[in-house]
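Report on the following structure.
Values reported hereafter were calculated over all heavy atoms of this structure, with side chains retained and with hydrogens, waters and symmetry mates removed. We count residues from 1, following the sequence as given.
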Amino acid sequence: MVVALGLHLVLGWVWTFGAGVVGGLTAPHRGWLIGLLGVALDWAVLVGYNAWVAGAATEVMIGTMGGLFGNTAGTVVVAATVSIGALLGGLGGLAGMFARRTVQAP
């Protein structure tokens, strides 16, 4: 999660895939899960932080995004955001896990 948070804040959200890869490299069997949970937690913390620091602006943004997606509830927008992060981290973890197995192959 710390790697994902650092990459997210310094380089941007796309680079959180790299945090998933790092998680996958550290675990030979469940790297996808480490990447998924780490990045999902990072994105959830950032959504919570934004809501805490700028609650009104975050509420407007979530309402606007929900309106763009057919009047979807705000909780669904937040869940979709965290799910996208989880998917990104899980795929990164899977890539890291397979890279580790490839390098360690006999």
Closest approach of Met1 and Leu41, non-hydrogen atoms and distance? SD-CD2, 3.6 Å
Within one Ile-Leu-Val-Met-Phe-Trp-Tyr cluster: Val2 and Val22, side-chain cutoff 4.5 Å: no
For the student: nearest non-hydrogen atoms of Ala40 and Ala86, plus distance: CB-CB, 3.7 Å
One pair to check against side chain to side chain contact (heavy atoms under 4.5 Å, CB included): Trp15 and His8. What are the steps and the verdict? CA-CA 6 Å; Trp15 288 91; His8 196 145; over 6 Å; no
Would you compute the distance between atom CG of Leu94 and atom CZ of Arg30 and round it to the nearest 0.5 angstrom? 13.0 Å
In a check of side chain to side chain contact (heavy atoms under 4.5 Å, CB included) between Asn50 and each of Thr58, Ile62, Val45, which one passes? Thr58
Can Leu87 be reached from Val14 by stepping across I, L, V, M, F, W or Y side chains whose heavy atoms are under 4.5 Å apart? yes
Rounded distance (nearest 0.5 Å) linking atom CH2 of Trp43 with atom OG1 of Thr16: 5.0 Å
Side-chain heavy-atom pair Thr64, Val60 within 4.5 angstrom cut-off: yes
Are Trp32 and Ile84 connected, step by step, through hydrophobic side chains (Ile, Leu, Val, Met, Phe, Trp, Tyr) whose heavy atoms are closer than 4.5 Å? no
With Met65, the side chain to side chain contact (heavy atoms under 4.5 Å, CB included) member among Thr72, Thr81, Val77: Val77
Is there side-chain contact between Arg101 and His29, with heavy atoms separated by less than 4.5 Å? yes
Determine, stepwise, if the pair Leu7 / Val3 fulfils side chain to side chain contact (heavy atoms under 4.5 Å, CB included). CA-CA 6 Å; Leu7 288 174; Val3 174; 3.9 Å; yes
In terms of hydrophobic clusters joined by side-chain contacts under 4.5 Å, are Ile34 and Val21 together? no
Between Val39 and Gly85, which heavy-atom pair has the shortest distance, and what is it? CG1-O, 3.0 Å
Would you sort out whether Leu46 and Leu9 count as a side chain to side chain contact (heavy atoms under 4.5 Å, CB included), showing the intermediate values? CA-CA 10 Å; Leu46 287 174; Leu9 293 176; 4.1 Å; yes
Are Met61 and Val78 joined in one hydrophobic group, where the rule is that I, L, V, M, F, W and Y side chains link up if heavy atoms are under 4.5 Å apart? yes
When rounded to the nearest 0.5 angstrom, what distance separates OH in Tyr49 from CG in Leu5? 10.5 Å
I want to check something: taking the side chain as every heavy atom from C-beta on, are Trp13 and Leu88 in contact at a cut-off of under 4.5 Å? yes
